[in-house]
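Here's the structure, in structure tokens; my notes come after.
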Amino acid sequence: MAVVDCNSFYCSCERLFRPDLAQRPVVVLSNNDGCIIARSDEAKAVGLGSTGPYYQYRDLIKKHGVAVFSSNYNLYCDLSMRVMDTLRSLMPPGSVEVYSVDEAFLDLGHIDPGQYHEFALNLRHTVEGWTGIRVSVGVASSKVLCKVANKLAKKNKGITHCVMVLDTEESISAALQEFDVSELWGIGRKYSSKLKEQYAINTAWQLKHIPEEWARKHLGGVVGIRMIRELNGISCIPMKDPLEKKKMISCTRMFGRPVYTVEELRESVAAYIARAGEKLRRQGFSAGVIDVFAVTNGTRGGEYVYDPKTDHRFVMLPRATSYTTELMEYALPLVDQLFRPGQKYLKAGVIMGELVPDDAVQADIFSGALHANQRSLMDAVDNINFSMRGDVVKYVASGLKRNWKMRQDMRSGKYTTRWEELYEVK
DNA sequence: TCTGGGGTCCTAGGACCC
DNA sequence: TCTGGGGTCCTAGGACCC
């Protein structure tokens, strides 16, 4: 199998429309312009070592003339679709698993193992030629090893040309001996410090030779066992069925500034419900449970310490729905239950659960006719909001001033999805 | 002054049932 | 004097991913 991963995806998307930035370091910020979430190779080279809070890197960014962008998900999603469509057109039906916005696993069952390298190189050239996005390809017999191959391909671009195949004992052991456990797919901060500090396991090679029972005990049960097997080239994280049902849809944001009143908290939650409702409808789901949560942060001894606390309430709906008005009727009262005066609120959100595909929603003889009306009202609202600027049709509950809205000061144009902002070639 | 958003999977432990 | 065993379902919380 193989994993295809776009190089510094968000940065590459921004550069596609700003060729003048080709050699300059580029970073992209999270919502609210809070964290750096993507860095180009050049940005990494000038010392932006890891993703993290933007303000900590301000000086470095100024010093090296780094181009900074707020995140522009319309653009990234559109380019992602083009990349994935390209991959699907080059592969047999059903052999592409889209894993994330910038990454896909491929089932190479139809390729002769002797041809892996050539196939992967060709894939990379085609994607870049058709979409302008450069990808790296890692090939191996398990997903974990594919990810290792992919990372190594990215590290030595000059030698690998962004392609690496790990298909022999020698190449695999050479790769794993140099590979830090903390970089493995499935080993996060907690596990990696545990492995290193308590057990002196530092490389993927060492981890590969650990007994399965040990892994069961110390690395999350069956998850640990799978890790060891995958490192040994035994595939046990299968390709996922693209038709598999989603389990939750959520919408959550940090506030642009702290919120102290129940009115503002309610407004923000209403806005998130409206947005989550849109997502539900677009993906063809109704929700059976709504969970509303809010995150507070206090000060300790007058000093600011980032120590968020989450509180939540949920409600089960008598009948699953994606009708925004109804979602709000059930969910907004939760805000009043949740709210505690005097608290400093940093963030809130809603999570829609118990999703059922729209066509499977239990019919209710009393609401059949109404349901058709709701549907066409929502279609109209969604169409207007999609085709016009921003949220033209808003719910009064979601507020008109929206002082709490997130900051987004450096967003690029929606070059590919909005006529008014279409990229111009002069 | 200031730390994102959207997901998944797994486990332990309690409630409940026969 | 003495209080089973096995199963399922649910929830909270932890870990991870991009």
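Quick note: numbers below take in every heavy atom, side chains included, and nothing from hydrogens, waters or symmetry partners. Numbered from 1 within each chain, the chains take letters A, B, ... in sequence-line order.
- Side-chain atoms of A:Met248 lie closest to B:dG7 of the nucleotides B:dG7, B:dG5, C:dC18.
- Within the 4.0 angstrom heavy-atom criterion, only backbone atoms of the sugar-phosphate kind lie near A:Ile187; the bases stay farther away.
- Taking the C1' atoms as reference points, C:dG4 lies 14 Å from B:dC17, given to the whole Å.
- Looking at heavy-atom distances under 4.0 Å, A:Asp33 makes no contact with the nucleic acid at all.
- Nucleotide C:dA15 holds its C1' atom 11 Å from the CZ atom of A:Arg189, rounded to whole Å.
- Among the nucleotides B:dG4, B:dG5, B:dC10, the one closest to the side chain of A:Val223 is B:dC10.
- Here A:Asn32 lies out of heavy-atom contact (under 4.0 Å) with every strand.
- At the heavy-atom level, A:Lys279 lies under 4.0 Å from the strands shown only through sugar-phosphate atoms.
- Between the side chains of A:Thr321 and A:Glu326, at least one donor N or O sits under 3.5 Å from an acceptor N or O.
- Contacts of A:Ile249 with the nucleic acid, taken as non-hydrogen atoms under 4.0 Å apart, involve only primed sugar atoms and P, OP1 or OP2.
- Here the nucleotide nearest the side chain of A:Lys247, chosen from B:dT8, C:dC18, B:dG5, is B:dT8.
- With a 3.5 Å ceiling on both atom-pair distances, the Watson-Crick or G-U wobble partner of B:dG5 is C:dC18.
- Across all strands shown, A:Tyr54 has no heavy atoms under 4.0 Å from either base or sugar-phosphate atoms.
- Residue contacts shown for A:Ile237 are absent, as no nucleic acid heavy atom lies under 4.0 Å away.
- As judged by a 4.0 angstrom heavy-atom cut-off over every strand, A:Val222 is placed among residues touching the sugar-phosphate backbone only.
- A:Tyr76 and A:Tyr73 have perpendicular rings, their planes meeting at more than 60° on a 0 to 90° scale where under 30° would count as parallel.
- Contact annotation for A:Arg257: no contact, since no heavy-atom pair falls under 4.0 Å across all strands.
- Nucleic acid contact class of A:Phe9 (heavy atoms, under 4.0 Å, all strands): none.
- Minimum interatomic distance between A:Trp404 and A:Ala271 (heavy atoms only, all atoms of both residues): CH2-CB, 3.7 Å.
- A donor and an acceptor atom, one from each side chain of A:Glu329 and A:Tyr323, are nowhere located under 3.5 Å apart.
- In this structure, CG on A:Asp78 lies 11.0 Å from OG1 on A:Thr131, to the nearest 0.5 angstrom.
- Rounded to whole Å, atom C1' of C:dG14 lies 11 Å from atom NZ of A:Lys194.
- We find that NZ of A:Lys190 is positioned 21 Å from P of B:dC9, with the value rounded to whole Å.
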